[in-house]
Amino acid sequence: MSELLVEVRGDGFPALEIERATRALKDALVAQLREVGMPARQSATGCSTQRLMVLLRGIPEGRPGNDEGRRRSVGEALQQALGAVRWRTNVSWGDGHRFGAPVSGLLALLDGRLVPARCFGIEATDTTRGPASLGSRVFRPRDGDEYGRFLVRQGVEVRLAARAARLERATHELAEGLGLSVVPSDLPVRWAASCETPSVIACRLEDTDLDLPAEIVAACLAERQGALPLRAPDGGLAAHFVAIVDRDDEHAERAAVGNERAARDHLEDARFHWRRDARTPLAKRIRLLSEGDDTQETLYARRARRLEVLCTLIARELGSSEHLDASVQAAGLLYADRQTETVREFPRLAGVIGGLLARDEGYPASVWHAVYDSGAAGQLPRSRAGEILYVADRVDRVVEVLAEEEPRVGESRGEAADELARSVVDTVHRAGLELDLALAIAQAVRQRVLDDPSRTLSEALKVVDRAMRGLLRERGAHDAEIDAVLMASGTSSIPSVFRRVSGLQGLRLDGRLTDLAANARRLRDVLLESREVELDPELLEEPAERELHQTWIGYEARIRQSLDEGRFDRWLDAMAVLDQALQRFLGNVLVHDANEALQRNRLALLQELQRAYAGPLRLVELHATSTKTARSGQRAASRPAAASG
Amino acid sequence: MPPATVEQILHRLASFWEERGSGLLPPCELPVGFGLAAPEVFLSLFDGRARTTHQLVAVHRPVDARYGRSSLRMTRHLRFQLVRQPVSAGVRHEVLDSFRAAGFELDRRDVRFVEGTTSRPEIGVRGRHQRVLIDGLPVARMVFVERAAGVRLPLSCLEVSYGIERLASVQQGHADLFRIDWGGGHATARSEAEGSSAWMEEERSRYLLEVADVELLRSQLESFDQQASRCLEAGLVLPAYESALRSLQVLEVLKLRSLPLLADHDLLFGRIRRRVERCVQLRARRQGLDPDTRSGAHALGVADDPDDRQLELTAEER
């Protein structure tokens, strides 16, 4: 079997795209080779900002004497494959070449022999190079194993995931060695993407360097220095941080002094902005926001006014009038920090900075917490006023994004709306807010001048529905379960939807649910086109119908209560007893009796029961969908293995 | 090898790039916020000629006024600026070699490249960049420029700008930029003579952050803008561009003094930006290029590939 080794070297491929690009190169190469009758059985990839590597093994050997022809075919396949790799942003160089970065070298070996290929104006060679910053040593590997050993000797772990895992481990070990802990961050992954021979070093700050809010220190270290702050045992920030260096030898530690100096300078800079920001009271900022025409600032002012109305509506819907004033006051302050220097430096601190400034100006905790929490990513607001403001703000922004007329750059309108809706639904669910989001969305739409408000409203409701389904799926719910709950109860209470779906999930393996669903469907069929009639217990003659009636009377209250409380286990226990009685009724009693009075009475009994069966879970729908899913699963399972593969 | 002085670093960098075909441009005399805006460079970006040039630029950055307390932020500092059109492959190796030539023993230091996006809306430049950090300190930046003044460049452009004082401070091991050795064994005296001493930075900061008069600045801004407009009407590209650059500097100070908010900033900024674009259009027409079409080998066209959508002007830039 043959082996193909390809390495594309460049002047800094975009770190966040290298993994995807390398996979695309591998896929394209495999596809091209398959077309020329050289399918690869095994593949491996590796990448850094300096090199994209693909190793294919298990390629069938060709006819003896045809080596040159095979290498030529591989060369052509490589040229095609490189042309198929797409980057979000390209760099142009030379005579109009375009790629993720200028390509400076290409290694292509088939069974250790050079593959003739010319890409981006350069010929493929049989040599690779070590890291550029470490002297770029040239090496001629004979195969993939030797290539890997050379890179390891140069300190390069070419597998991105392994590099990230190593850094993550080293960071934690470093922190633990200092008796500290790591602030959760994606920095190790980003470090691994941007450095080829990374290692981590511990750096120190003076205590006086930390005389800033911890949020600013952390953002400053991470965003300006690319360094990871550490936490002291008391939860506060420690006067240490972890820095990344792109070498893994005895000289790495020398970089600590430079990193400490740079971090101090960045913190000094942040301090300068923070102090200047504190000189202008938020009230003055709000006044200034309202002045001027159609600038970004006046847009913020208008948004703040819309939020005040939305907060009022949400607080009333939640019956939280005691939190109304705080949420409305916080709404007025929420965007006041957008023109602070600190937020311009660190946009992800928007809201957080407003909250801190409000705290320092003496606003009540309920107000500054609400402002702060609106900007704090990933955590639930700590007060009801904060929850109200958070939901109002995100709902307003969902509508704003959907109402945009011009296409966005980068992230699509749909993606932005989905992300916002997800945060709304997640917060409403986690905070247990009994709020009909449709009302808030409708209000948010009403507050804008839109060409087609009903379209925006409908889109917003769809986005919320999508977000809710997405979150439920992430919790392991099946579409059939989600549909069953949503079709019955709608989205008027998100916490209730989550409770019901979760309860239903708990019953998934309980065979009684299938019986229940089957009987629910039989009930529906029997009662099809029957008119509403009233039950007369005196007319119940047969033992099975009397038993069913007695069971229903005995269990009705329990069934309703367990549903209200979302206790589906209890609900199923009660329904199972009722179901057995129904089963006996359907087996022993003729519903369509010749005696019309008896027939009407039996239908009346079943109509009462149907309310319990159909109930909020729409068992009939669940049964139908489950059956469909099961059938499609059976079809998939019965397909020939080759076709599914 | 003993640490290099500022003078030596400049000389070595110039020699290094001259050996690679770079031509020396006269120092930029105008107050520019970044080297690419220097008229000698910027107005030549659009002619489609291959070139490598280097130049010494005194960068003026009012927004970086910090009373001299931060070595990362100075109102004025020196940059050695290299511009190459078109971009060539292997430039990262060349840049690393230039550091070695300037006296850095890279086998004992940590060198990192940190990528990002450079946006210079004043002259409509956007591109990907790589900051070069030596031992964690930013010392240089490579920018791949695809567009300027809102149009796609006929030849891609690489800008490498070295922060000279910063390079010297890293090599000499001084955290304080005001104590670096400029050469000739007269560190302090030379430093003051070059205008980079601490008291100058502090006084400039005081002027920019505390003293500059807003009304006077507005009037200056209007004057420069009117001059730019008159020059454009007369078809004088260079004076118009120089006036626009001066307007930009005044606007920076005005923004700094209008705490917390300069309400008509976008309006004023947009006006200057349009003057710059007009300068480029006039210059291109004079060179026989058509900035509005894609005909001709060096036409300044509106590009149609997907990347260009990423480089469209943001709302802020507009």
Side-chain angles (χ1 to χ4, degrees), chain A residues 10-12 14-15 49-50 88-95 98 102-105 120-122 132-136 194-195 225-226 243-247 251-252 254-255 257-263 265-266 268-269 272 276-277 279-280 284-285 288 291-292 295-297 339-341 409-410, chain B residues 64-67 69-73 86-93 95-96 106-115 117 127-128 130 133-138 142 144 146 153 155-158 169-170 173 175 209 259-261 263-267 305-307 309-312 314-316:
Chain A
D11 289 323
T49 55
Q50 292 188 50
R88 276 173 71 92
T89 52
N90 286 302
V91 167
S92 308
W93 78 98
D95 299 331
R98 286 171 79 70
V103 173
S104 56
F120 307 114
I122 56 171
S133 55
L134 300 179
S136 208
S194 62
C195 297
Q225 190 62 17
I244 178 75
V245 286
D246 201 0
R247 66 184 308 150
H251 298 297
R254 286 167 52 107
V257 175
N259 275 281
E260 286 164 1
R261 178 183 147 194
D265 278 337
H266 287 307
E268 176 62 39
D269 207 38
F272 173 84
R276 270 167 65 89
D277 287 340
R279 283 181 4 212
T280 307
K284 184 177 176 189
R285 290 182 185 278
L288 286 168
E291 294 168 1
T295 60
Q296 184 63 47
E297 282 71 24
Q339 19 89 351
T340 58
E341 294 179 15
V409 175
Chain B
D64 283 348
R66 302 286 187 274
Y67 302 98
R69 286 180 210 142
S70 166
S71 68
L72 296 176
R73 298 271 188 263
V87 176
S88 55
V91 67
R92 197 186 255 210
H93 290 270
V95 169
L96 286 166
L106 295 189
D107 54 344
R108 297 158 65 87
R109 290 186 182 270
D110 172 48
V111 184
R112 275 201 298 138
F113 290 84
V114 179
E115 67 187 41
T117 304
R128 266 177 38 201
Q130 296 176 24
L133 277 65
I134 294 185
D135 290 346
L137 288 156
M142 299 159 54
F144 296 95
E146 302 270 326
L153 295 180
L155 288 180
S156 60
C157 171
L158 169 76
S169 86
V170 172
L209 296 168
L259 192 78
L261 177 68
D264 55 351
H265 173 268
D266 293 357
L267 195 74
D305 59 65
D307 281 355
R309 284 200 292 278
Q310 311 250 358
L311 295 172
E312 287 299 328
T314 61
E316 185 194 353

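The basis for the numbers below is simple: all heavy atoms, side chains too, and nothing from hydrogens, waters or symmetry mates. None of these values were measured; they are calculated from a predicted model.
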Novice: With chain B, which of A:Q225, A:H251, A:R279 has the greatest number of heavy-atom pairs at distances under 4.5 Å?
Specialist: A:H251
Novice: Could B:D110 and A:R247 be called an ion pair, given the rule that one side-chain N must be under 4.0 Å from one carboxylate O?
Specialist: no
Novice: With sequence neighbours excluded, tell me which residues meet ring-ring contact (aromatic ring centres under 6.0 Å, His included) with B:H265.
Specialist: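 Result, ring-ring contact (aromatic ring centres under 6.0 Å, His included) vs B:H265: B:F269.
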Novice: Heavy-atom distances under 4.5 Å only: say whether A:R276 touches chain B with side chain, backbone, both or neither.
Specialist: both
Novice: Which one, A:P14, A:G10, A:A243, A:G121, leads in non-hydrogen pairs under 4.5 Å with chain B?
Specialist: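 Heavy-atom pairs under 4.5 Å are most numerous for A:P14.
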Novice: Ring of B:F113, cation from B:R92 - is the NZ or CZ under 6.0 Å from the centre and inside 45° of the axis?
Specialist: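 Yes - B:R92 lies over the ring of B:F113, closer than 6.0 Å to its centre and within 45° of its axis.
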Novice: Using the ring centroid of each side chain, check whether A:F120 and A:W93 are separated by less than 6.0 Å.
Specialist: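 Close enough - the centres of the two rings lie under 6.0 Å apart.
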Novice: Any chance you could lay out the salt bridge (Lys or Arg N to Asp or Glu O under 4.0 Å) test for B:D64 and B:R73, step after step, and finish with the verdict?
Specialist: CA-CA 5 Å; B:D64 283 348; B:R73 298 271 188 263; 3.7 Å; yes
Novice: The test is side chain to side chain donor-acceptor pair (under 3.5 Å); show your working for A:D269 and B:S70 and say whether it passes.
Specialist: CA-CA 7 Å; A:D269 207 38; B:S70 166; 4.9 Å; no
Novice: So what's closer than 4.5 Å to chain B heavy atoms on A:Q50: side chain, backbone, both or neither?
Specialist: side chain
Novice: Just so I understand: if I count every heavy-atom pair under 4.5 Å between each of B:I134, B:L209, B:V170, B:T117 and chain A, which residue has the most?
Specialist: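 Of B:I134, B:L209, B:V170, B:T117, B:L209 has the most heavy-atom pairs under 4.5 Å with chain A.
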Novice: Is it the backbone or the side chain of A:V245 that comes under 4.5 Å from a heavy atom of chain B, or both, or neither?
Specialist: both
Novice: For chain B, find which of A:R261, A:E268, A:E260 contributes the most heavy-atom pairs closer than 4.5 angstrom.
Specialist: A:R261
Novice: Between A:I122 and chain B, which part of the residue has a heavy atom less than 4.5 Å away: side chain, backbone, both or neither?
Specialist: neither
Novice: Which one wins on heavy-atom pair count under 4.5 Å against chain B: A:T340, A:V103, A:D246, A:D277?
Specialist: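 Highest number of heavy-atom pairs under 4.5 Å: A:D246.
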Novice: For residues A:G226 and A:I244, report the shortest heavy-atom separation together with the two atoms involved.
Specialist: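 Where A:G226 meets A:I244 most closely, the heavy atoms are O-CG2, 4.1 Å.
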Novice: Looking at chain A, which one of B:L133, B:L96, B:V111, B:L137 has the largest number of heavy-atom pairs inside 4.5 Å, strictly under?
Specialist: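 Sorted descending by pairs with chain A, the first entry is B:L137.
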Novice: With a 4.5 angstrom heavy-atom cut-off, is it the side chain or the backbone of A:A15 that approaches chain B, or both, or neither?
Specialist: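 For A:A15, heavy atoms of backbone and side chain both lie under 4.5 Å from chain B.
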Novice: Does A:S92 form a side chain to side chain donor-acceptor pair (under 3.5 Å) with B:E146? I'd like the steps, not just the answer.
Specialist: CA-CA 7 Å; A:S92 308; B:E146 302 270 326; 2.9 Å; yes
Novice: Counting heavy-atom pairs under 4.5 Å with chain A, which one of B:E115, B:R108, B:R112 comes out on top?
Specialist: B:R108
